[in-house]
Chemist: 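Starting off with a structure, shown below.
Chain letters run A, B, ... following the sequence lines, proteins first, then strands; residues in each count from 1.
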Amino acid sequence: MADESKPLNFIQQTITRDLAEGVVDKVVTRFPPEPNGYLHIGHAKSICLNFGLAEQFGGDCNLRFDDTNPEKEEDEYVQAIIEDVQWLGFQWSGDVRYASDYFGQLYDWAKYLVQEGKAYVCELNAEQMREYRGTLTEPGKNSPFRERPADESLTLLEQMKKGDVDEGSMTLRAKIDMASPNVSLRDPVMYRIKKVPHHRTGDQWNIYPAYDFAHGQEDAIEGVTHSVCTLEFASNRPLYDWFVENLPVPSTPHQYEFGRLNLNYSVTSKRKLKQLVDEGHVVSWDDPRMPTISGMRRRGVPAVAIRHFCDSLAVAKTDGVVDISQLEHFIRDELNKNAPRAMTVLRPLKVVISNLPEDHLEQLTAPQHPELDMGNRTLPFTREIYIDTEDFKEEYSKKFKKKLTPGKRIRLRNGYVIEADDYVKNEAGEVVQVNASLVPDTLGKDPADEIKPKGVVHWVSVQHCVDCEVHLYDRLFNDPAPDAGDKNFLDAINPASLQVMTGCKAEQSLADAEESTTYQFEREGYFCKDRKNSSAEKRVFNQTIALRSVWVEADT
RNA sequence: UGGGGUGUGGCCAAGCGGUUAAGGCAGCGGCUUUUGAUGCCGCCAUUCGGAGGUUCGAGUCCUCCCACCCCAGCCA
């Protein structure tokens, strides 16, 4: 997977050195999501990084759910996350792991620290603890419970665990340094009381370990060598190391931080994404407009495109904002190379080819792909066809030279050249039918009179097409930085992010389109059949992404 | 006014003291084209947050300054 020509990032350099110096024999990484929401594009970067590192250096990568807060976590999320990681194409080492598997061990280690005089049960409430903690510029002061005897803390801890103590009234804290310039080290909470059922351990526990007391030890238990996380955890690293050093853990993992992915015109925060779903701004976590893995999958984005995009991202400590066009580039690149082609008319306009008999039916063939050998499809060609309303203009102008216009010719994609004769309007003044003539002997060749058509237009047979609905998407937010500063990201929501096109006409071969394949609807973009809204009677296609276009239609 | 990070073209980014500062995205020209797609060709930083300094030589080393991000949850 590693591209030899690419320079090693700082984590790869560290691993290379650790392997060379024998600091580690084998690399073990892990992807540790909290099951409190669906995975998004930012997680994809972390997934590709962690699994990629293991792959490149012949090691293992674990999938471990960091489920230490039952108030926010649900089994629905763990199932969705498992599916997303697999879909992206990665396989974790061994079974799926859970922080909750280690609750017993963690509890024993907590008691060990108490016995060592390095932890204590504190009876300060949340507000008091905040006061005692000090500020960024002033040191904190010691809790009055800090020097309480170990066996007293042990007894209290046991009561906390049994559920005999009220939530919020006691915590177990590490005894480190209330005057540390690093606030994380000012006697951090190790255990808090939560009388809440856990998605895996049920009501077995009344206390749950805090992230800082759990993560490093989980890594140590699993033999993780390189624990890669995002930048905001950098100030937690000394605490991560403190627990690992002060506990009889089976191995010594190390934490490395890299800059998380930020994408413009998007939000990549599980909290905000959850809000979009909960408040109905989108219909679900896998709504095709969501920057979630499941949303992109449903929209037709290939997993490999996401992987290529992630691989193109720098693993560094800079926190930049990547332009969405970068992601779009990899999606188009992959789809252009591999998506089968098809024709679908989004805004049908009937064209009657008058010099063809009423019952004319000719089976034309067209390649599934212009370059790849993917076989052919048949295109029934009849007297009546549909082209896109946008592809016909009443008046010719240089601007519209590639469109059909009276007296001018156009090539039907994969078919003949036709020439428009006249057209019919309805009461509203809209063109509802075009009458045209077929220019003979133009299948695969130019007209004999050398008057070549300037443009190519996609079409379907009126009698041999299938009805469908097409969902067109625009970005979910109009603001490049919807959640910057003190902005409310909801204010930036694009009210026109979804456009439902009904009465669309797809070529016959799309009758049995598969949800797992994304097609290029020629001259329109990439589309895949929606896995939720489609039924036997109704076909719905989601737009993955439009084709690039330098064509801007002006009204002159 | 504490601690931890980061600053290279519109965006991302390589560069690890020594030819004229990689590459990708976006943009702009041109060619090809039965997808206004794709492909191909060309253009796009006298300069690396700023100011000093060290050196024959600095984006790369030193000093000071500036800007931005993270940390004061019994969230992760």
Side-chain angles (χ1 to χ4, degrees), chain A residues 5-7 9 13 32-34 36 66 68-69 71-73 122 124-126 129-131 133-140 167-173 179-186 188-194 207-208 210-212 214-215 229-238 257 259 261 264 270-271 312-314 316-330 332-333 336-337 341 343 366 370-371 401-403 410-417 442-446 452-458 480 520-525 546-553:
Chain A
S5 64
K6 263 177 91 175
N9 64 50
Q13 289 177 15
E34 182 189 10
N36 65 343
D66 220 346
T68 58
N69 184 356
E71 282 170 356
K72 297 184 175 176
E73 298 151 6
C122 180
L124 254 26
N125 63 32
M129 198 181 290
R130 197 181 319 122
E131 286 163 10
R133 187 154 35 225
T135 69
L136 295 177
T137 53
E138 302 158 42
E167 274 187 35
S169 61
M170 288 184 195
T171 55
L172 181 72
R173 297 226 260 164
S180 172
N182 182 347
V183 185
S184 306
L185 262 19
R186 320 242 260 230
V189 169
M190 294 165 55
Y191 268 102
R192 61 309 203 199
I193 300 167
K194 282 185 193 291
I207 59 173
Y208 293 91
Y211 168 84
D212 287 305
H215 208 90
C229 63
T230 45
L231 249 29
E232 67 269 24
F233 291 96
S235 47
N236 298 52
R237 183 171 7 114
E257 311 89 22
L261 168 67
N264 61 15
K270 271 195 263 182
R271 203 210 96 225
S312 80
L313 264 16
K317 286 180 181 285
T318 44
D319 46 2
V321 180
V322 174
D323 198 301
I324 190 81
S325 67
Q326 196 115 215
L327 206 211
E328 295 173 340
H329 163 75
F330 284 98
R332 289 198 182 95
D333 185 55
N336 173 53
K337 286 174 181 153
R341 313 283 130 125
M343 293 192 285
E371 281 149 35
K401 67 182 177 197
K402 296 209 175 198
K403 296 185 181 298
I410 208 77
R411 161 142 251 138
L412 296 176
R413 176 69 169 158
N414 297 124
Y416 294 90
V417 172
T442 49
L443 190 60
K445 55 178 91 160
D446 288 331
K452 295 201 276 187
K454 292 282 193 298
V456 181
V457 144
H458 56 105
Q520 182 192 106
F521 288 176
E522 288 186 293
R523 302 210 315 132
E524 288 290 353
L547 247 29
R548 265 188 79 195
S549 177
V550 296
W551 165 250
V552 274
E553 186 166 351

Chemist: Between A:K317 (side chain) and A:L231 (backbone), is there a donor-acceptor pair under 3.5 Å?
Modeler: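 Flag not set: sc A:K317 to bb A:L231 has no pair under 3.5 Å.
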Chemist: Would B:G17 be called syn or anti, given that syn covers angles within 90° of 0?
Modeler: anti
Chemist: Closest to the A:L136 side chain: B:G36, B:C71, B:C74?
Modeler: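 Comparing B:G36, B:C71, B:C74 against the side chain of A:L136, the answer is B:C71.
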Chemist: Determine the interatomic distance between C1' on B:A13 and the same-named atom on B:G7; round to the nearest Å.
Modeler: 13 Å
Chemist: What is the pairing partner of B:A72, taking Watson-Crick or G-U wobble pairs with both distances under 3.5 Å in any strand?
Modeler: none
Chemist: Quick one: is B:A13 close enough that its OP1 or OP2 comes under 4.0 Å of any side-chain N or O from A:T318?
Modeler: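 So the side-chain polar atoms of A:T318 do come within 4.0 Å of the phosphate oxygens OP1 or OP2 of B:A13, strictly under.
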Chemist: Return the value, rounded to whole Å, for the distance between atom CG of A:N69 and atom P of B:C75.
Modeler: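 To the nearest whole Å, that distance equals 6 Å.
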Chemist: Measure from CZ on A:R341 to C1' on B:U38 and round the result to the nearest Å.
Modeler: 8 Å
Chemist: Of the listed nucleotides (B:C74, B:U35, B:C16), which one gets closest to any side-chain atom of A:R133?
Modeler: B:C74
Chemist: Rounded to the nearest Å, what distance is computed from the OH atom of residue A:Y211 to the P atom of nucleotide B:C74?
Modeler: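 After rounding, the gap between these two atoms is 16 Å.
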Chemist: Between the main-chain N or O of A:G168 and the side-chain N or O of A:R192, is there a donor-acceptor pair closer than 3.5 Å?
Modeler: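 No, because the side chain of A:R192 does not come within donor-acceptor range (under 3.5 Å) of the backbone of A:G168.
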Chemist: Kindly point out which of B:G24, B:C75, B:G5 is positioned nearest to the side chain of A:K317?
Modeler: B:G5
Chemist: Nearest to the side chain of A:P181, which nucleotide is it out of B:G3, B:C12, B:U35?
Modeler: B:G3
Chemist: Using a heavy-atom cut-off of 4.0 Å across all strands, would you classify A:T135 as base, sugar-phosphate, or nothing?
Modeler: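 Result for A:T135 = base.
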Chemist: Using only heavy-atom distances, decide whether a donor-acceptor pair under 3.5 angstrom links the side-chain of A:Q520 to the base of B:U35.
Modeler: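 It does, because a donor-acceptor pair links the side chain of A:Q520 to the base of B:U35 below 3.5 Å.
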Chemist: B:G73 phosphate, OP1 or OP2: any side-chain N/O from A:R192 under 4.0 angstrom?
Modeler: no
Chemist: Provide, to the nearest angstrom, the distance between the CG atom belonging to A:N9 and the P atom belonging to B:U6.
Modeler: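 In whole Å, B:U6 P lies 14 Å from A:N9 CG.
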Chemist: Starting at CG of A:N336 and ending at P of B:C25, how long is that distance when rounded to a whole Å?
Modeler: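 Roughly 13 Å, once rounded to whole Å.
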Chemist: Expressed as a whole number of Å, how far does the P atom of B:C41 sit from that of B:U46?
Modeler: 25 Å
Chemist: Could you tell me which nucleotide pairs with B:C40 by Watson-Crick or G-U wobble geometry, both distances under 3.5 Å, or answer none if nothing does?
Modeler: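 Matched B:C40 with B:G30 under the 3.5 Å cut-off.
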Chemist: Side chain of A:V456, heavy atoms from C-beta onward: which of B:U35, B:C11, B:A72 has the nearest atom to it?
Modeler: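 Nearest listed nucleotide: B:U35.
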Chemist: In whole angstroms, how far is the P atom of B:G23 from the NE2 atom of A:H329?
Modeler: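 Atom-to-atom, A:H329 to B:G23, this comes out as 15 Å.
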Chemist: Mind checking who B:U46 pairs with, Watson-Crick or G-U wobble, both distances under 3.5 Å?
Modeler: none
Chemist: Just compare B:G15, B:G2, B:C74 and give me whichever is closest to any side-chain atom of A:P7.
Modeler: B:G15
Chemist: Among B:A26, B:G3, B:A76, which nucleotide has an atom closest to any side-chain atom of A:S235?
Modeler: B:G3
Chemist: What interatomic distance, in whole Å, is found between C1' of B:G39 and the corresponding atom of B:U34?
Modeler: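 Here B:U34 and B:G39 have their C1' atoms 16 Å from each other.
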Chemist: With a 4.0 Å cut-off on heavy atoms, is A:G415 in touch with a base, just the backbone sugar-phosphate, or nothing at all?
Modeler: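 Base, at least one base atom sits under 4.0 Å.
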Chemist: Ignoring hydrogens and geometry beyond distance, is a side-chain donor-acceptor pair present between A:N182 and A:S180 at under 3.5 Å?
Modeler: no
Chemist: Contact class for A:G444 (heavy atom, under 4.0 Å): base, sugar-phosphate, or nothing?
Modeler: base
Chemist: Respond yes when some side-chain nitrogen or oxygen of A:R548 is under 4.0 Å from OP1 or OP2 of B:G27, and no when none is.
Modeler: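 Checking B:G27 against A:R548, a side-chain N or O does come within under 4.0 Å of OP1 or OP2.
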Chemist: Find which nucleotide of RNA chain B each of A:R332 and A:L412 is nearest to by heavy atoms, and output the residue with the more 5' nucleotide.
Modeler: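 Going by which nucleotide is closer to the 5' end, it is A:R332.
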Chemist: Between B:U55 and B:A21, how far is it from one P atom to the other, in whole Å?
Modeler: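 It comes out at 24 Å once rounded to the nearest Å.
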Chemist: On a whole-Å scale, what distance lies between the P atoms belonging to B:U60 and B:U19?
Modeler: 14 Å
Chemist: For A:H215 and B:C75, what is the distance between atoms NE2 and P respectively, to the nearest whole Å?
Modeler: 17 Å
Chemist: For a quick test of reading the model: is some side-chain N or O of A:R237 closer than 4.0 Å to OP1 or OP2 of B:G3?
Modeler: no
Chemist: Expressed in whole Å, how much space separates the P atoms belonging to B:G3 and B:U8?
Modeler: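 Going atom to atom, P in each nucleotide, I get 25 Å.
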Chemist: Would you indicate what A:F233 reaches in the nucleic acid, counting non-hydrogen atoms under 4.0 angstrom: base, sugar-phosphate, or nothing?
Modeler: base
Chemist: Roughly, in whole Å, what's the span from NZ in A:K270 to P in B:A76?
Modeler: 11 Å
Chemist: What contact category does A:E34 fall into here, base, sugar-phosphate, or nothing, at under 4.0 angstrom with non-hydrogen atoms?
Modeler: sugar-phosphate
Chemist: Please pick, from B:G73, B:A76, B:G27, the nucleotide with the shortest atom-to-atom distance to any side-chain atom of A:R130.
Modeler: B:G73
Chemist: Please name the nucleotide paired to B:U6 by Watson-Crick or G-U wobble geometry with both distances under 3.5 Å, or report none.
Modeler: B:A67
Chemist: Could you walk me through whether A:E522 and A:N414 satisfy the side chain to side chain contact (heavy atoms under 4.5 Å, CB included) test, starting with their C-alpha distance in whole Å, then the side-chain angles of each, then the deciding distance to 0.1 Å, before giving a yes or no?
Modeler: CA-CA 11 Å; A:E522 288 186 293; A:N414 297 124; 3.9 Å; yes
Chemist: A:E138 or A:I193: which one's nearest nucleotide on RNA chain B is closer to the 5' end?
Modeler: A:E138
Chemist: With the side chain of A:R413 defined as its heavy atoms from C-beta on, choose the nearest nucleotide among B:U34, B:G36, B:C11.
Modeler: B:U34
Chemist: Taking only N and O in the side chain of A:T68, is any of them less than 4.0 Å away from OP1 or OP2 of B:A76?
Modeler: yes
Chemist: Which nucleotide wins on minimum distance to the side chain of A:K72, given the candidates B:C75, B:G73, B:A76?
Modeler: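 Taking heavy atoms from C-beta onward, the closest nucleotide is B:C75.
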Chemist: Using modelled atom types only, decide if a donor and an acceptor are shared between the side chain of A:E73 and the backbone of A:N69 within a distance under 3.5 Å.
Modeler: yes
Chemist: Does B:G52 pair with anything, Watson-Crick or G-U wobble, both distances under 3.5 Å, and if so, with which nucleotide?
Modeler: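 B:C62 - that is the nucleotide pairing with B:G52, both distances being under 3.5 Å.
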Chemist: When you check the phosphate oxygens OP1 and OP2 of B:A72, does a side-chain N or O of A:R186 lie under 4.0 Å from one of them?
Modeler: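 For B:A72, neither OP1 nor OP2 has a side-chain N or O of A:R186 closer than 4.0 Å.
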Chemist: Base, sugar-phosphate alone, or nothing: which one does A:E73 contact when heavy atoms must sit under 4.0 Å apart?
Modeler: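 Nothing, no heavy atom under 4.0 Å.
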